[in-house]
Number of protein chains: 2
Amino acid sequence: MPKQTFFNLPFAKRRSIEEEAIREFAENTFERASLTKIVENCGIAKGSMYQYFEDKLDLYLYIVELAYEEKKKYVQRAFETPGHIFETLEEYYRQSLIFSLEHPALHKVTNNFWDSRAGHLGETIHRLRAARALDFTAHLRNAVDQGVVNPALDPEAVFFVYHAVGKALIDQFGEKVDSAFLSQVLDVLKYGLKARKGAAL
Amino acid sequence: MPKQTFFNLPFAKRRSIEEEAIREFAENTFERASLTKIVENCGIAKGSMYQYFEDKLDLYLYIVELAYEEKKKYVQRAFETPGHIFETLEEYYRQSLIFSLEHPALHKVTNNFWDSRAGHLGETIHRLRAARALDFTAHLRNAVDQGVVNPALDPEAVFFVYHAVGKALIDQFGEKVDSAFLSQVLDVLKYGLKARKGAAL
DNA sequence: TGCAGCTATGACTGGGTGGTCACATGCGGA
DNA sequence: TCCGCATGTGACCACCCAGTCATAGCTGCA
(Lines give C-alpha, C1' and ligand atoms only; values in the text may rest on other atoms or scores of the structure.)
Protein backbone atom coordinates (compact mmCIF):
# COMPACT_ATOMS: atom_id res chain seq x y z
CA MET A 1 0.00 0.00 0.00
CA PRO A 2 1.41 3.41 -0.98
CA LYS A 3 1.98 5.90 1.88
CA GLN A 4 -0.40 8.81 2.42
CA THR A 5 2.24 11.12 0.97
CA PHE A 6 1.68 9.58 -2.43
CA PHE A 7 -2.01 10.40 -2.42
CA ASN A 8 -1.30 13.97 -1.28
CA LEU A 9 0.64 14.55 -4.46
CA PRO A 10 -0.79 16.81 -7.19
CA PHE A 11 -2.62 14.61 -9.67
CA ALA A 12 -0.28 15.20 -12.62
CA LYS A 13 2.79 14.16 -10.66
CA ARG A 14 1.10 11.11 -9.23
CA ARG A 15 -0.09 10.10 -12.67
CA SER A 16 3.34 10.53 -14.20
CA ILE A 17 4.84 8.20 -11.61
CA GLU A 18 2.15 5.64 -12.31
CA GLU A 19 2.74 5.87 -16.03
CA GLU A 20 6.49 5.45 -15.86
CA ALA A 21 6.10 2.55 -13.45
CA ILE A 22 3.58 0.91 -15.77
CA ARG A 23 6.01 1.30 -18.65
CA GLU A 24 8.83 -0.34 -16.73
CA PHE A 25 6.75 -3.21 -15.34
CA ALA A 26 5.19 -3.80 -18.75
CA GLU A 27 8.58 -4.36 -20.34
CA ASN A 28 10.21 -6.26 -17.47
CA THR A 29 9.41 -8.80 -14.81
CA PHE A 30 9.36 -7.52 -11.25
CA GLU A 31 12.90 -8.62 -10.64
CA ARG A 32 14.37 -7.15 -13.81
CA ALA A 33 12.47 -3.88 -13.59
CA SER A 34 14.64 -1.05 -12.30
CA LEU A 35 13.44 1.45 -9.75
CA THR A 36 16.40 3.61 -10.69
CA LYS A 37 15.18 3.84 -14.28
CA ILE A 38 11.65 4.67 -13.20
CA VAL A 39 12.75 7.61 -11.06
CA GLU A 40 15.10 8.82 -13.79
CA ASN A 41 12.31 8.76 -16.35
CA CYS A 42 10.01 10.58 -13.95
CA GLY A 43 12.65 13.19 -13.18
CA ILE A 44 12.26 12.69 -9.44
CA ALA A 45 14.84 11.71 -6.85
CA LYS A 46 15.33 8.15 -5.71
CA GLY A 47 14.61 9.15 -2.15
CA SER A 48 11.28 10.64 -3.11
CA MET A 49 10.06 7.28 -4.28
CA TYR A 50 10.64 5.99 -0.76
CA GLN A 51 8.46 8.79 0.57
CA TYR A 52 5.61 7.39 -1.50
CA PHE A 53 6.13 3.63 -1.30
CA GLU A 54 7.58 1.22 1.24
CA ASP A 55 9.80 -0.46 -1.31
CA LYS A 56 9.92 -1.78 -4.84
CA LEU A 57 7.40 -4.52 -4.12
CA ASP A 58 4.93 -2.02 -2.67
CA LEU A 59 5.09 0.01 -5.87
CA TYR A 60 4.77 -3.12 -7.98
CA LEU A 61 1.71 -4.44 -6.21
CA TYR A 62 0.06 -1.02 -6.49
CA ILE A 63 0.66 -0.99 -10.25
CA VAL A 64 -0.58 -4.57 -10.68
CA GLU A 65 -3.74 -3.64 -8.81
CA LEU A 66 -4.26 -0.62 -11.06
CA ALA A 67 -3.96 -2.88 -14.09
CA TYR A 68 -6.38 -5.46 -12.77
CA GLU A 69 -8.93 -2.87 -11.81
CA GLU A 70 -8.95 -1.65 -15.38
CA LYS A 71 -9.14 -5.16 -16.74
CA LYS A 72 -12.03 -5.99 -14.44
CA LYS A 73 -14.08 -3.32 -16.16
CA TYR A 74 -13.82 -5.37 -19.32
CA VAL A 75 -14.09 -8.99 -18.28
CA GLN A 76 -16.90 -8.58 -15.80
CA ARG A 77 -19.27 -8.13 -18.73
CA ALA A 78 -18.76 -11.83 -19.43
CA PHE A 79 -20.41 -12.74 -16.13
CA GLU A 80 -23.18 -10.14 -16.41
CA THR A 81 -24.53 -11.20 -19.79
CA PRO A 82 -26.50 -14.42 -19.36
CA GLY A 83 -25.80 -17.55 -21.39
CA HIS A 84 -24.23 -20.88 -20.73
CA ILE A 85 -20.66 -21.67 -20.07
CA PHE A 86 -19.39 -21.62 -23.63
CA GLU A 87 -20.76 -18.16 -24.24
CA THR A 88 -19.39 -16.89 -20.95
CA LEU A 89 -15.95 -18.27 -21.70
CA GLU A 90 -15.91 -16.85 -25.19
CA GLU A 91 -17.01 -13.46 -23.93
CA TYR A 92 -14.39 -13.54 -21.20
CA TYR A 93 -11.52 -14.11 -23.57
CA ARG A 94 -12.95 -11.73 -26.13
CA GLN A 95 -13.08 -8.95 -23.54
CA SER A 96 -9.54 -9.81 -22.48
CA LEU A 97 -8.49 -9.44 -26.07
CA ILE A 98 -10.14 -6.03 -26.35
CA PHE A 99 -8.50 -4.95 -23.09
CA SER A 100 -5.09 -6.01 -24.43
CA LEU A 101 -5.63 -3.94 -27.57
CA GLU A 102 -6.87 -0.84 -25.77
CA HIS A 103 -4.39 -0.97 -22.88
CA PRO A 104 -1.35 -2.82 -24.18
CA ALA A 105 0.94 -1.69 -21.36
CA LEU A 106 -1.51 -2.61 -18.59
CA HIS A 107 -2.06 -5.89 -20.36
CA LYS A 108 1.65 -6.65 -20.30
CA VAL A 109 1.76 -5.82 -16.60
CA THR A 110 -0.97 -8.33 -15.78
CA ASN A 111 0.80 -10.87 -17.96
CA ASN A 112 4.21 -10.52 -16.41
CA PHE A 113 2.63 -10.78 -13.00
CA TRP A 114 1.92 -14.51 -13.35
CA ASP A 115 5.55 -15.22 -14.17
CA SER A 116 6.90 -13.47 -11.06
CA ARG A 117 8.84 -15.62 -8.66
CA ALA A 118 10.34 -13.03 -6.36
CA GLY A 119 9.74 -12.87 -2.62
CA HIS A 120 6.33 -13.98 -1.47
CA LEU A 121 4.75 -13.33 -4.84
CA GLY A 122 4.76 -17.04 -5.53
CA GLU A 123 2.39 -17.70 -2.64
CA THR A 124 0.11 -14.82 -3.60
CA ILE A 125 -0.16 -16.17 -7.11
CA HIS A 126 -0.91 -19.62 -5.78
CA ARG A 127 -3.77 -18.27 -3.69
CA LEU A 128 -5.21 -16.31 -6.61
CA ARG A 129 -5.08 -19.41 -8.79
CA ALA A 130 -6.86 -21.47 -6.17
CA ALA A 131 -9.62 -18.86 -5.90
CA ARG A 132 -10.07 -18.91 -9.66
CA ALA A 133 -10.24 -22.69 -9.65
CA LEU A 134 -13.09 -22.61 -7.13
CA ASP A 135 -15.05 -20.11 -9.22
CA PHE A 136 -14.48 -22.04 -12.38
CA THR A 137 -15.42 -25.47 -11.09
CA ALA A 138 -18.61 -24.04 -9.58
CA HIS A 139 -19.63 -22.70 -13.00
CA LEU A 140 -18.66 -26.03 -14.48
CA ARG A 141 -20.75 -28.16 -12.14
CA ASN A 142 -23.69 -25.93 -12.99
CA ALA A 143 -23.16 -26.59 -16.68
CA VAL A 144 -22.88 -30.31 -16.08
CA ASP A 145 -26.21 -30.26 -14.25
CA GLN A 146 -27.75 -28.51 -17.22
CA GLY A 147 -26.48 -31.31 -19.46
CA VAL A 148 -24.34 -28.93 -21.50
CA VAL A 149 -20.98 -30.26 -20.41
CA ASN A 150 -19.60 -33.76 -20.59
CA PRO A 151 -20.12 -35.12 -17.04
CA ALA A 152 -17.33 -37.69 -17.35
CA LEU A 153 -14.58 -35.08 -17.24
CA ASP A 154 -12.69 -34.23 -14.05
CA PRO A 155 -13.49 -30.59 -13.15
CA GLU A 156 -9.97 -30.03 -11.82
CA ALA A 157 -8.54 -31.24 -15.11
CA VAL A 158 -10.88 -29.00 -17.07
CA PHE A 159 -9.79 -25.99 -15.04
CA PHE A 160 -6.18 -26.97 -15.55
CA VAL A 161 -6.68 -27.00 -19.32
CA TYR A 162 -8.54 -23.68 -19.43
CA HIS A 163 -6.05 -22.01 -17.17
CA ALA A 164 -3.14 -23.16 -19.33
CA VAL A 165 -4.75 -22.27 -22.61
CA GLY A 166 -6.11 -19.00 -21.27
CA LYS A 167 -2.66 -17.94 -20.19
CA ALA A 168 -1.15 -18.87 -23.55
CA LEU A 169 -3.90 -17.00 -25.39
CA ILE A 170 -3.50 -13.88 -23.33
CA ASP A 171 0.28 -14.09 -23.64
CA GLN A 172 -0.02 -13.87 -27.39
CA PHE A 173 -2.84 -11.44 -27.87
CA GLY A 174 -1.90 -9.11 -30.67
CA GLU A 175 0.90 -11.36 -31.90
CA LYS A 176 -0.45 -14.66 -33.09
CA VAL A 177 -3.89 -14.43 -31.55
CA ASP A 178 -6.68 -12.42 -33.13
CA SER A 179 -10.44 -12.76 -32.88
CA ALA A 180 -10.72 -15.54 -35.46
CA PHE A 181 -7.91 -17.61 -33.97
CA LEU A 182 -9.44 -17.19 -30.53
CA SER A 183 -12.65 -18.82 -31.78
CA GLN A 184 -10.70 -21.68 -33.33
CA VAL A 185 -8.87 -22.37 -30.10
CA LEU A 186 -12.04 -22.29 -28.02
CA ASP A 187 -13.60 -24.73 -30.47
CA VAL A 188 -10.78 -27.18 -29.86
CA LEU A 189 -11.59 -27.11 -26.14
CA LYS A 190 -15.30 -27.30 -26.75
CA TYR A 191 -15.43 -30.18 -29.20
CA GLY A 192 -12.25 -32.08 -28.40
CA LEU A 193 -9.91 -33.79 -30.82
CA LYS A 194 -11.72 -37.05 -31.18
CA ALA A 195 -14.05 -37.19 -34.16
CA ARG A 196 -17.70 -36.93 -33.15
CA LYS A 197 -20.45 -39.26 -34.33
CA GLY A 198 -23.04 -36.61 -35.11
CA ALA A 199 -22.43 -33.15 -36.54
CA ALA A 200 -18.74 -32.51 -36.05
CA LEU A 201 -19.02 -28.84 -35.31
CA MET B 1 29.96 -24.63 -28.17
CA PRO B 2 32.49 -25.30 -25.39
CA LYS B 3 36.17 -24.84 -26.26
CA GLN B 4 38.43 -27.84 -26.88
CA THR B 5 40.02 -27.22 -23.48
CA PHE B 6 36.82 -28.29 -21.81
CA PHE B 7 36.81 -31.67 -23.53
CA ASN B 8 40.49 -32.20 -22.68
CA LEU B 9 39.59 -32.06 -18.98
CA PRO B 10 39.70 -35.25 -16.90
CA PHE B 11 36.22 -36.74 -16.84
CA ALA B 12 35.55 -36.18 -13.14
CA LYS B 13 36.32 -32.48 -13.32
CA ARG B 14 34.26 -31.99 -16.48
CA ARG B 15 31.38 -33.84 -14.90
CA SER B 16 31.55 -31.78 -11.72
CA ILE B 17 31.31 -28.58 -13.74
CA GLU B 18 28.33 -29.95 -15.62
CA GLU B 19 26.64 -30.98 -12.41
CA GLU B 20 27.07 -27.65 -10.68
CA ALA B 21 25.88 -25.80 -13.77
CA ILE B 22 22.84 -28.06 -14.01
CA ARG B 23 22.07 -27.33 -10.36
CA GLU B 24 22.25 -23.57 -10.90
CA PHE B 25 20.26 -23.52 -14.14
CA ALA B 26 17.67 -25.85 -12.64
CA GLU B 27 16.96 -23.44 -9.82
CA ASN B 28 17.23 -20.19 -11.79
CA THR B 29 16.43 -18.76 -15.17
CA PHE B 30 19.40 -17.97 -17.40
CA GLU B 31 19.46 -14.37 -16.31
CA ARG B 32 19.24 -15.02 -12.58
CA ALA B 33 21.68 -17.90 -12.59
CA SER B 34 25.09 -16.82 -11.33
CA LEU B 35 28.33 -17.91 -12.96
CA THR B 36 30.12 -16.75 -9.85
CA LYS B 37 28.17 -19.21 -7.73
CA ILE B 38 28.78 -22.06 -10.15
CA VAL B 39 32.55 -21.62 -10.06
CA GLU B 40 32.49 -21.23 -6.27
CA ASN B 41 30.56 -24.47 -5.89
CA CYS B 42 32.93 -26.24 -8.27
CA GLY B 43 35.96 -24.94 -6.44
CA ILE B 44 37.51 -23.64 -9.65
CA ALA B 45 38.58 -20.11 -10.57
CA LYS B 46 36.36 -17.74 -12.50
CA GLY B 47 39.00 -17.41 -15.19
CA SER B 48 39.08 -21.17 -15.72
CA MET B 49 35.46 -21.14 -16.75
CA TYR B 50 36.39 -18.78 -19.54
CA GLN B 51 39.02 -21.24 -20.70
CA TYR B 52 36.23 -23.76 -21.23
CA PHE B 53 33.35 -21.64 -22.48
CA GLU B 54 33.01 -18.46 -24.52
CA ASP B 55 30.67 -16.89 -22.03
CA LYS B 56 27.67 -17.54 -19.80
CA LEU B 57 25.35 -18.16 -22.74
CA ASP B 58 27.73 -20.71 -24.23
CA LEU B 59 27.71 -22.67 -20.98
CA TYR B 60 23.95 -22.39 -20.73
CA LEU B 61 23.25 -23.67 -24.22
CA TYR B 62 25.61 -26.58 -23.62
CA ILE B 63 23.71 -27.53 -20.45
CA VAL B 64 20.32 -27.18 -22.14
CA GLU B 65 21.52 -29.45 -24.91
CA LEU B 66 22.71 -32.02 -22.36
CA ALA B 67 19.28 -31.96 -20.75
CA TYR B 68 17.41 -32.35 -24.02
CA GLU B 69 19.62 -35.20 -25.16
CA GLU B 70 18.72 -37.08 -22.02
CA LYS B 71 15.05 -36.27 -22.41
CA LYS B 72 15.09 -37.43 -26.02
CA LYS B 73 16.00 -40.92 -24.85
CA TYR B 74 12.67 -41.02 -23.07
CA VAL B 75 10.19 -39.31 -25.35
CA GLN B 76 11.36 -40.84 -28.60
CA ARG B 77 9.74 -44.09 -27.51
CA ALA B 78 6.41 -42.38 -28.09
CA PHE B 79 7.13 -42.10 -31.81
CA GLU B 80 8.64 -45.58 -32.13
CA THR B 81 5.72 -47.52 -30.69
CA PRO B 82 2.95 -47.65 -33.30
CA GLY B 83 -0.58 -46.45 -32.55
CA HIS B 84 -2.70 -43.51 -33.49
CA ILE B 85 -2.34 -39.97 -32.34
CA PHE B 86 -4.01 -40.29 -28.95
CA GLU B 87 -1.73 -43.12 -27.93
CA THR B 88 1.32 -41.29 -29.20
CA LEU B 89 0.41 -38.16 -27.27
CA GLU B 90 -0.31 -40.06 -24.10
CA GLU B 91 2.97 -41.95 -24.37
CA TYR B 92 4.83 -38.70 -25.03
CA TYR B 93 3.59 -37.01 -21.89
CA ARG B 94 3.94 -40.17 -19.85
CA GLN B 95 7.58 -40.47 -20.85
CA SER B 96 8.08 -36.78 -20.04
CA LEU B 97 6.65 -37.46 -16.61
CA ILE B 98 9.01 -40.38 -16.05
CA PHE B 99 11.93 -38.23 -17.20
CA SER B 100 10.97 -35.50 -14.75
CA LEU B 101 10.89 -38.02 -11.91
CA GLU B 102 14.18 -39.68 -12.76
CA HIS B 103 16.07 -36.49 -13.65
CA PRO B 104 14.40 -33.69 -11.72
CA ALA B 105 17.25 -31.24 -12.20
CA LEU B 106 17.53 -31.79 -15.95
CA HIS B 107 13.77 -31.52 -16.12
CA LYS B 108 13.85 -28.13 -14.45
CA VAL B 109 16.55 -26.98 -16.86
CA THR B 110 14.41 -27.82 -19.90
CA ASN B 111 11.47 -26.13 -18.23
CA ASN B 112 13.21 -22.87 -17.42
CA PHE B 113 14.55 -22.76 -20.94
CA TRP B 114 11.16 -21.89 -22.44
CA ASP B 115 10.81 -18.91 -20.12
CA SER B 116 14.16 -17.37 -21.08
CA ARG B 117 14.03 -13.95 -22.64
CA ALA B 118 17.67 -12.94 -22.59
CA GLY B 119 19.68 -12.10 -25.67
CA HIS B 120 18.80 -13.99 -28.80
CA LEU B 121 17.24 -16.83 -26.87
CA GLY B 122 13.81 -15.50 -27.76
CA GLU B 123 14.40 -16.09 -31.46
CA THR B 124 15.87 -19.55 -30.88
CA ILE B 125 12.81 -20.53 -28.90
CA HIS B 126 10.56 -19.18 -31.62
CA ARG B 127 12.29 -21.33 -34.20
CA LEU B 128 12.08 -24.44 -32.06
CA ARG B 129 8.38 -23.83 -31.52
CA ALA B 130 7.78 -23.45 -35.23
CA ALA B 131 9.60 -26.73 -35.92
CA ARG B 132 7.44 -28.49 -33.36
CA ALA B 133 4.32 -27.02 -34.89
CA LEU B 134 5.23 -28.46 -38.30
CA ASP B 135 5.82 -31.92 -36.85
CA PHE B 136 2.63 -31.82 -34.88
CA THR B 137 0.34 -30.63 -37.64
CA ALA B 138 1.77 -33.30 -39.97
CA HIS B 139 0.83 -36.00 -37.46
CA LEU B 140 -2.52 -34.32 -37.07
CA ARG B 141 -3.38 -34.27 -40.77
CA ASN B 142 -2.53 -37.95 -40.88
CA ALA B 143 -4.96 -38.62 -38.06
CA VAL B 144 -7.66 -36.58 -39.78
CA ASP B 145 -7.22 -38.63 -42.94
CA GLN B 146 -7.67 -41.77 -40.89
CA GLY B 147 -10.94 -40.38 -39.57
CA VAL B 148 -9.72 -40.42 -35.98
CA VAL B 149 -9.64 -36.68 -35.47
CA ASN B 150 -12.35 -34.09 -35.90
CA PRO B 151 -11.64 -32.60 -39.37
CA ALA B 152 -13.41 -29.32 -38.58
CA LEU B 153 -10.71 -28.14 -36.19
CA ASP B 154 -7.95 -25.76 -37.23
CA PRO B 155 -4.61 -27.64 -36.97
CA GLU B 156 -2.79 -24.48 -35.86
CA ALA B 157 -5.31 -24.01 -33.07
CA VAL B 158 -4.97 -27.63 -32.02
CA PHE B 159 -1.20 -27.25 -31.83
CA PHE B 160 -1.63 -24.08 -29.84
CA VAL B 161 -3.77 -25.90 -27.30
CA TYR B 162 -1.46 -28.88 -26.97
CA HIS B 163 1.59 -26.70 -26.69
CA ALA B 164 0.00 -24.63 -23.93
CA VAL B 165 -1.34 -27.59 -21.99
CA GLY B 166 1.83 -29.59 -22.52
CA LYS B 167 3.90 -26.80 -21.05
CA ALA B 168 1.58 -26.44 -18.07
CA LEU B 169 1.61 -30.19 -17.46
CA ILE B 170 5.37 -30.42 -17.63
CA ASP B 171 5.70 -27.35 -15.42
CA GLN B 172 3.80 -29.11 -12.67
CA PHE B 173 5.03 -32.65 -12.95
CA GLY B 174 5.60 -33.93 -9.46
CA GLU B 175 3.61 -31.12 -7.85
CA LYS B 176 0.00 -31.30 -8.93
CA VAL B 177 0.40 -33.60 -11.89
CA ASP B 178 0.71 -37.36 -11.46
CA SER B 179 -0.10 -40.20 -13.81
CA ALA B 180 -3.84 -40.22 -13.06
CA PHE B 181 -4.24 -36.46 -13.43
CA LEU B 182 -2.30 -36.60 -16.69
CA SER B 183 -4.88 -39.01 -18.09
CA GLN B 184 -7.73 -36.77 -16.97
CA VAL B 185 -6.22 -33.74 -18.66
CA LEU B 186 -5.60 -35.60 -21.91
CA ASP B 187 -9.21 -36.78 -21.83
CA VAL B 188 -10.38 -33.17 -21.69
CA LEU B 189 -8.45 -32.45 -24.88
CA LYS B 190 -9.60 -35.65 -26.52
CA TYR B 191 -13.32 -35.44 -25.83
CA GLY B 192 -13.88 -31.71 -25.45
CA LEU B 193 -16.16 -30.00 -22.99
CA LYS B 194 -19.35 -30.21 -24.93
CA ALA B 195 -21.50 -33.19 -24.00
CA ARG B 196 -21.40 -35.91 -26.64
CA LYS B 197 -24.41 -37.63 -28.10
CA GLY B 198 -23.12 -41.24 -27.92
CA ALA B 199 -20.97 -42.72 -25.18
CA ALA B 200 -19.49 -39.78 -23.35
CA LEU B 201 -16.17 -41.34 -22.61
C1' DT C 1 9.47 36.36 12.58
C1' DG C 2 10.08 31.81 14.04
C1' DC C 3 8.92 27.38 14.61
C1' DA C 4 6.87 22.70 13.11
C1' DG C 5 6.23 19.38 10.04
C1' DC C 6 5.82 17.59 5.63
C1' DT C 7 8.35 16.89 1.29
C1' DA C 8 12.41 16.68 -1.86
C1' DT C 9 17.06 15.43 -2.70
C1' DG C 10 21.12 12.73 -4.48
C1' DA C 11 25.46 11.14 -2.78
C1' DC C 12 26.42 7.13 -0.60
C1' DT C 13 26.46 2.12 1.17
C1' DG C 14 26.84 -2.58 0.54
C1' DG C 15 25.97 -5.98 -2.48
C1' DG C 16 25.57 -8.24 -6.67
C1' DT C 17 26.95 -9.28 -11.64
C1' DG C 18 29.81 -10.99 -16.18
C1' DG C 19 34.02 -10.72 -17.96
C1' DT C 20 39.40 -9.72 -18.19
C1' DC C 21 44.29 -10.17 -17.70
C1' DA C 22 48.95 -10.40 -15.97
C1' DC C 23 50.86 -13.82 -13.80
C1' DA C 24 51.72 -18.65 -11.94
C1' DT C 25 51.89 -23.55 -12.45
C1' DG C 26 52.63 -28.01 -14.41
C1' DC C 27 53.97 -31.06 -17.99
C1' DG C 28 55.98 -33.17 -22.25
C1' DG C 29 59.69 -33.26 -25.13
C1' DA C 30 64.48 -31.90 -26.57
C1' DT D 1 68.17 -29.05 -17.50
C1' DC D 2 65.53 -25.88 -19.84
C1' DC D 3 62.09 -24.34 -22.97
C1' DG D 4 57.39 -23.73 -24.70
C1' DC D 5 52.81 -24.34 -24.38
C1' DA D 6 48.37 -25.55 -22.38
C1' DT D 7 46.02 -24.69 -18.16
C1' DG D 8 44.84 -22.50 -13.85
C1' DT D 9 44.20 -18.33 -11.03
C1' DG D 10 41.90 -14.57 -8.41
C1' DA D 11 42.28 -9.69 -7.91
C1' DC D 12 40.30 -6.44 -10.51
C1' DC D 13 37.14 -3.60 -13.74
C1' DA D 14 32.97 -1.45 -15.02
C1' DC D 15 28.49 -1.71 -14.33
C1' DC D 16 24.06 -2.38 -12.20
C1' DC D 17 20.91 -2.59 -8.29
C1' DA D 18 17.64 -1.41 -3.88
C1' DG D 19 17.57 1.18 -0.18
C1' DT D 20 19.36 5.02 3.34
C1' DC D 21 20.09 9.40 5.47
C1' DA D 22 21.71 13.91 6.54
C1' DT D 23 20.50 17.95 4.64
C1' DA D 24 17.69 21.44 2.54
C1' DG D 25 13.43 23.62 1.06
C1' DC D 26 8.79 24.69 1.54
C1' DT D 27 4.32 26.05 3.61
C1' DG D 28 1.23 27.50 6.89
C1' DC D 29 0.28 28.60 11.48
C1' DA D 30 1.14 31.31 15.78
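Lettering of chains follows the sequences in order, A, B, ..., and the numbering in each one begins at 1. Here the structure is a predicted model, which means the values were calculated and not measured.
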Worksheet item: Can you tell me how far P of dT9(D) sits from CE of M49(B), to the nearest Å?
Response: 12 Å
Worksheet item: For atom CZ of R14(A), is the number of surrounding heavy atoms from other residues, nucleotides or ligands below 6.0 Å larger than 12?
Response: yes
Discussion item. Just the rounded figure in Å: distance from P of dA18(D) to CG of N28(A).
Written reply: 11 Å
Discussion item. So Y52(A), base contact, sugar-phosphate only, or nothing? Heavy-atom distance under 4.0 Å.
Written reply: sugar-phosphate
Item to complete: Between F30(A) and S48(A), just flag the one whose closest nucleotide in DNA chain D comes earlier from the 5' side.
Response: F30(A)
Worksheet item: Is there any salt bridge (charged side-chain N to carboxylate O under 4.0 Å, His left out) pair reaching into residues 72-87 of chain B, and which pairs are they, with sequence neighbours excluded?
Response: E70(B)-K73(B)
Worksheet item: Quick one: K46(A) NZ to dA22(D) C1', roughly how many Å, whole number?
Response: 17 Å
Discussion item. For P151(B) versus V144(B), what's the shortest heavy-atom pair and its separation?
Written reply: CB-CG1, 3.7 Å
Worksheet item: In residues 53-60 of chain A, what residues come within less than 4.0 Å of DNA chain D, judged by heavy atoms?
Response: D55(A), K56(A)
Item to complete: Answer with base, sugar-phosphate or nothing: what part of the nucleic acid does K13(A) contact at a heavy-atom distance below 4.0 Å?
Response: sugar-phosphate
Discussion item. It should be established whether T36(B) places a side-chain nitrogen or oxygen under 4.0 Å from OP1 or OP2 of nucleotide dG16(C).
Written reply: no
Item to complete: Please state how far atom CD in Q51(A) lies from atom P in dG10(C), giving the value in whole angstrom units.
Response: 13 Å
Worksheet item: Would you call the rings of H103(A) and Y74(A) parallel, tilted or perpendicular, where under 30° means parallel and over 60° means perpendicular?
Response: perpendicular
Practice prompt. Using atom CD of E40(B) as one end and atom C1' of dT17(C) as the other, report the distance to the nearest whole Å.
Written response: 12 Å
Worksheet item: With respect to the phosphate group of dA6(D), does any side-chain polar atom (N or O) of T5(B) fall under 4.0 Å of OP1 or OP2?
Response: no
Item to complete: Could you tell me whether the side chain of L193(A) reaches within less than 4.5 Å of the side chain of L189(B), counting heavy atoms only?
Response: no
Fill in: Residues I17(A), L9(A); criterion side chain to side chain contact (heavy atoms under 4.5 Å, CB included); working and verdict
CA-CA 10 Å; I17(A) 292 171; L9(A) 249 36; 4.0 Å; yes
Worksheet entry | Separation of dT9(C) C1' from I17(A) CD1 (nearest whole Å) | 14 Å
Worksheet item: Hey, are the side chains of R132(B) and Y162(B) touching, using non-hydrogen atoms and a 4.5 Å cut-off?
Response: no
Worksheet item: Below 4.5 Å, heavy atoms only, C-beta onward: do L169(B) and F160(A) meet side chain to side chain?
Response: yes
Practice prompt. Go through DNA chain C and write down every stem, that is, every run of at least three consecutive Watson-Crick or G-U wobble pairs with distances under 3.5 Å, as range with range.
Written response: C:1-30 with D:1-30
Fill in: Working for side-chain hydrogen bond (donor to acceptor under 3.5 Å, both in side chains), residues N112(B) and N28(B)
CA-CA 7 Å; N112(B) 286 339; N28(B) 302 96; over 6 Å; no
Fill in: Interatomic distance, L9(A) CG vs dC6(C) C1' [rounded to whole Å]
12 Å
Fill in: Length of the line joining F6(A):CZ and dC6(C):P, which is rounded to integer Å
19 Å
Discussion item. Please tell me if N8(A) has a side-chain N or O lying less than 4.0 Å from either OP1 or OP2 of dT7(C).
Written reply: yes
